[in-house]
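Below is one structure, written out as structure tokens, with a few remarks after it.
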Amino acid sequence: MGATRPVTGARPRVRGAVHRLGLRWVHLLQGGALLMPFFLLTVVGMGVVRPSAGRVLGAQLAPQFLAYALSLPLVALAGLLPLVRTLESAAARALCGVPAAALAQGPAGSWAARRRSAVWFTLHAGVGALVSGASLAVPPMAAVLLAFPFVPALRGKRWMWPWHHAGDALWTAPAAGAALLAALVAVVYGAGAMLARCAPPLLGPTPADRLAAAEARAAALAARNRLARDLHDSVGHALSTVALQAGAARRVLEADPVFVREALAAIEETSRGAVADLDTVLGVLRDGRLGGQRGEAGGPTLASSLDGLLARTRATGTVVDLSVDAAVGPLALLDSRVSAEAFRVVQEGLNNALRHAPGTAVRLRVATRHTPRGAVLALTLTNQVHAERPARPSRRGGGRGLAGIAERAALLGGTADARDEAGTWRLTARLPLTPRTQEVTS
């Protein structure tokens, strides 16, 4: 027995169309309600200017339409208020079925956005008032026409239409009533469709809104890239260090218990630091606190964390020679952003040496250089390259370490490069002592 296919037909589509029509009808009635205070204010003003106008407003249509027309400029002035765009966008999204992506979410900031909101507000209130008036007048009229042939009391009155005479024309009254109801539905459908079509260009984001949203997205991407680089450098270095320490401890497990204890203590300390870094990054992602500057209190810098980094690296048996030129001065006096990025550069350089050339000595030099663009902090890491290993670090799936170093340098307006020089791997980074921040999102 074959699988039963779901039954699809016109009924769900009809229900959807009726539901959409009902919501848009409510939206139009809402527009009529919004116009009412301005209409009443105009009526009061007309009564003050011309007292006789108040007597004819309730009996004649011409003064009512005049009051309606005079109230529209007041509606347009109210539409210039910044919050109008927020309220009208919410109504258009909920009742007109306009996608949220096509509408601006916040108040109108620029005057261009306010003018567009004023046009929409006037259109919504003006068209809504006309539809509201028709919705109040047409159904009773149609009900009288539908019941006219069947109610003698209705036929006994004199109406302003030809059906008060007896005869065959009497039975055309229900058809006229049904036509009036159909016309009202058609008007509501057309007016609702027009407002739904006009909402995106009038209530949608302006070029300035789009630019601000693009800048916010770029800033968020840059912040996430910074977090990814920090996580890559800290956790990657910790894992490489732990692996080498564990391997060294395993080889001398029975011969040198003192070294094994030291290695296990270093593994514990390194793992604890990596977990703390991971918790920090995950906390930032959960709380949405993106975009903060590196180098803030508690972040690793050359002054606060370089000694610990070198100690953990040396615990793997790797010889690390550090030299700091006297011209650099105390590391604690470096700009916090420069010091933080410099620490991450050194961390990734040591990580590459541990991963791709374990057992070779590493030399780290910190100096200052003067360039045409200003003074820079020059970081140089060198180590010998194993003959059996490729000169440039490479991993299946593509490494991001060297690319991350280049991004960190570019972030401050500096440069970084790495190359093999006759069997010696040299990583050099030049960071301006006065950083020129450039967000790198790639």
Side-chain angles (χ1 to χ4, degrees), residues 9-43 46 53-72 75 91-92 94-97 122-198:
R11 185 175 298 177
R13 290 195 297 269
V14 171
R15 282 200 300 265
V18 171
H19 179 70
R20 183 169 59 251
L21 177 65
L23 290 179
R24 290 182 176 178
W25 203 330
V26 172
H27 186 245
L28 290 165
L29 295 177
Q30 180 192 63
L34 291 172
L35 182 77
M36 187 56 61
F38 303 96
F39 179 81
L40 295 177
L41 182 62
T42 303
V43 170
M46 291 175 62
R55 294 192 297 270
V56 299
L57 271 172
Q60 299 181 10
L61 289 178
Q64 295 183 21
F65 278 107
L66 177 61
Y68 163 80
L70 293 177
S71 65
L72 294 180
V75 175
L95 299 177
C96 265
T122 306
L123 185 65
H124 181 202
V127 175
L130 296 177
V131 172
S132 298
S135 299
L136 291 174
V138 170
M141 186 185 306
V144 170
L145 289 174
L146 290 172
F148 189 76
F150 311 101
V151 181
L154 294 177
R155 295 197 302 270
K157 297 182 179 295
R158 187 169 185 85
W159 303 94
M160 296 180 60
W161 55 52
W163 295 292
H164 64 276
H165 300 293
D168 295 337
L170 181 68
W171 296 100
T172 62
L180 279 176
L181 291 177
L184 176 61
V185 172
V187 167
V188 171
Y189 178 84
M194 180 194 67
L195 290 180
R197 184 177 293 272
C198 292

Can I get a per-line list of side-chain donor-acceptor pairs under 3.5 Å for residues 26-39, giving both atom names and the distance, sequence neighbours left out?
| from | atom 1 | to | atom 2 | distance (Å) |
| --- | --- | --- | --- | --- |
| H27 | NE2 | H124 | NE2 | 3.4 |

Fill in the blank from the handout: Nearest heavy-atom contact between P174 and L146 is O-CD2, 3.2 Å
Practice task
Measure the spacing between OG1 of T42 and CG of L66 and express it to the nearest 0.5 Å.
Solution key: 9.0 Å
Side chains of residues 17-25: which donor-acceptor partners sit under 3.5 Å, not counting sequence neighbours?
| from | atom 1 | to | atom 2 | distance (Å) |
| --- | --- | --- | --- | --- |
| R24 | NE | C96 | O | 3.3 |
| R24 | NH2 | C96 | O | 3.3 |
| W25 | NE1 | S135 | OG | 3.0 |

Exercise for the section: Kindly indicate whether the side chain of P139, heavy atoms from C-beta on, has any atom under 4.5 Å from the side chain of L184. Expected result: yes
Practice task
Keeping to residues at least two apart or across chains, list the side-chain hydrogen bond (donor to acceptor under 3.5 Å, both in side chains) pairs with something in residues 180-191.
Solution key: none
Fill in the blank from the handout: Those residues at least two apart in sequence (or on a different chain) that pass side chain to side chain contact (heavy atoms under 4.5 Å, CB included) with L180 are V138, M141, A142, L145
Handout entry: Which residues share a side chain to side chain contact (heavy atoms under 4.5 Å, CB included) with L123, sequence neighbours left out
Key = V127, M194, L195, C198
